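Below you'll find the structure, written out as structure tokens, and then a few comments.
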Amino acid sequence: MNKNEEFIVDIIDSGFTGEGIAKRDGMTVFIPNAIKGEKVKIKILKVTTSHAFGKILEILKQSENRKNPDCETYAKCGGCSMRHIDYLKTLEIKKNSVISTLKKALGKAIEINEVIGMDNPYNYRNKLQYPIGIDEKEKPTMGVFAERTHRIISTQNCKIQDLLSQKIANSIFQFILDNNISVYNEKNLSGALRHIIIRIGKKTNEVMITLVTNEKNFEKEQELVNNIISNFSEVKTIVKNINNKNTNVILGKENVILYGNGFIYDYLDDFKFKISPMSFYQVNPVQTEKLYGKAVEFANLTGKETVFDLYCGIGTIGIFASKKIKKLYGIETVPEAIKDAKENAKINNVQNAEFFADNVEKFLPKFINQNNIKPDVIFIDPPRKGCDKIALETLLKIEASKIVYVSCNPATLGRDLKILEKKYNMEKIAICDMFPFTSHIECVCLLSLKK
Ligand SMILES: C[S@@+](CC[C@H](N)C(=O)[O-])C[C@H]1O[C@@H](n2cnc3c(N)ncnc32)[C@H](O)[C@@H]1O
């Protein structure tokens with residue numbers, strides 16, 4: 001097989017990001033935008049020793065699951081990858097991709113016990129995060145990065161963003177244009193505004209805006225703040241975050257409150273949560289309630305248990321389960337998030353919780369040794385890179401009767417489960433679609449200690 005060759009192929013499977021898969025000359029060919037069951041004419045774009053990549057030239061037989069993508073930037077943007085597929089079908093693709101990833105990691109067949117999809121998979125995000133920069137014509141632009149690049153695709157109407165957040169972002173960007181406020185130029189690291197981050201409490205309708213800047217102060221700063229608050233009464237706070245490093249990390253270390261208290265509130269079920277700019281908060285609150293509900297169901301708590309909530313963020317999972325817990329310990333690396341977690345416990349009248357700001361892998365071995373505390377149930381919800389090896393080894397030493405592992409990355413989940421398998425059986429696994437139409441999926445697994 002050679003680059004630029006053209007073939008007609010049958011799409012026999014779907015890949016992890018929703019791309020179609022065909023076989024030709026014993027090789028696997030990945031074809032973005034093609035759907036299982038279709039017959040397509042393709043052109044080969046790249047060939048490696050084991051596989052190739054192609055692009056569709058013509059669809060000869062169309063899948064009944066093909067949908068018209070309802071988004072003008074879909075073909076260019078790096079956000080969604082499954083908008084051309086019927087939503088229910090995307091859930092099946094995600095389920096199969098988790099099964100295949102875990103099967104590869106664990107070396108045995110696994111079953112997904114439940115797939116938790118969204119009734120209305122649109123405008124679900126509570127966090128808009130748009131880079132601002134310079135386009136090819138040297139003009140300011142705001143939007144999302146094209147896949148695997150730093151080219152900004154101008155975005156005014158993203159179908160997964162909250163409508164009010166999108167409206168506020170558009171209005172801020174218009175103000176930037178109208179007032180010639182300088183925007184960040186990655187090429188020479190000059191210019192002021194780098195990112196707009198808008199978080200909305202979907203239940204409270206409270207909005208927090210973080211303006212990430214390359215410079216300590218930018219022109220018309222106060223005018224911009226006045227403009228936002230006079231147009232949008234929902235905006236409760238505006239924070240300037242200073243990031244003058246040449247890095248892909250979005251937030252810098254320094255925050256300056258320009259308006260309000262520097263935080264907003266939201267509710268998950270009946271629990272109220274304080275959210276500040278540096279703290280993690282799940283981006284899809286409708287699904288978060290279902291995800292946490294499933295995690296708590298899997299834990300099957302009776303009220304007598306000592307529980308660890310590892311990688312606890314602002315304390316959400318533990319507080320969500322707190323009525324069925326005797327004593328809760330939460331551990332999280334971001335100090336601002338732990339400050340929020342402590343306050344969230346107070347706001348929700350949770351008196352049986354303690355929170356610690358530290359790395360799980362550093363804190364856990366020390367804490368267990370010094371305090372002789374043995375948890376009955378451990379929730380773990382690490383970032384995409386999964387758990388550190390020391391954290392996993394400590395979990396194996398602790399021997400809690402149950403571990404409920406919440407993961408946003410099936411690959412690292414599989415790697416970690418393989419280690420935990422030494423002492424734990426995997427009892428159940430559910431997947432929850434926190435990120436409809438993207439390639440991402442959240443998993444929740446119940447592990448029980450081997451007898
Ligand atoms: C996927 S989030 C989950 C947060 C929380 N459970 C929730 O649902 O909102 C992962 C959290 O782990 C924290 N984190 C990352 N590395 C960590 C580490 N080594 N030790 C403790 N916390 C860590 C992050 O700051 C983030 O808050």
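Counting convention: from 1, in listed order, for ligands and their atoms alike. Just so it is clear, the values below take in all heavy atoms, side chains as well, and ignore hydrogens, waters and symmetry mates. This is a predicted model, so every value here is computed, not measured.
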task: Give the residue and atom name of whichever protein heavy atom lies nearest to atom 12 (O) of ligand 1, and the separation in Å to one decimal.
output: Y311 CB, 3.4 Å
- prompt: Under 4.0 Å from any heavy atom of P382, which atoms of ligand 1 are there?
  reply: 1 (C), 10 (C)
- prompt: E393 side chain to A391 main-chain N or O, any donor-acceptor pair under 3.5 Å?
  reply: no
Per-residue contact class, V334 against ligand 1 - non-hydrogen pairs under 4.0 Å: side chain
- prompt: Under 4.0 Å from ligand 1, counting heavy atoms only, is it the side chain of C408, its backbone, both or neither?
  reply: neither
message: If you count heavy atoms of other groups shown closer than 6.0 angstrom to NZ of K366, is the number above 12?
response: yes
task: Determine whether the side chain, the backbone, both or neither of T333 has a heavy atom under 4.0 Å from any heavy atom of ligand 1.
output: both
statement: With Y329 as partner, the option from F308, F363, F355 fulfilling ring pair (Phe, Tyr, Trp, His ring centres under 6.0 Å) is F308
- prompt: Parallel, tilted or perpendicular: which describes the rings of F356 and F367, with under 30° parallel and over 60° perpendicular?
  reply: tilted
message: List ligand 1 atoms under 4.0 Å from D358, heavy atoms only on the residue side.
response: 20 (N), 21 (C)
query: Would the H51 and F30 ring centres measure less than 6.0 Å apart?
result: yes
- request: Between N409, D381, D388, flag the one that comes closest to atom 6 (N) of ligand 1 by a heavy atom.
  value: D381
task: Run the numbers for me: atoms of ligand 1, each under 4.0 Å from some heavy atom of Y292, listed by number.
output: 7 (C), 8 (O), 9 (O)
message: Working to the nearest 0.5 angstrom, can you tell me the gap between L91 CG and M118 CE?
response: 11.0 Å
query: At what distance is the nearest protein heavy atom to atom 20 (N) of ligand 1, and which residue and atom is it?
result: V360 N, 2.9 Å
- prompt: Taking N or O atoms only and a 3.5 Å limit, does K385 qualify as a polar contact for ligand 1?
  reply: no
message: Can you report which non-hydrogen protein atom sits closest to atom 13 (C) of ligand 1, along with the distance?
response: E332 OE1, 3.1 Å
message: So, taking the atom named CD1 in I441 and the one named CZ in F435, what distance separates them when rounded to the nearest 0.5 Å?
response: 8.5 Å
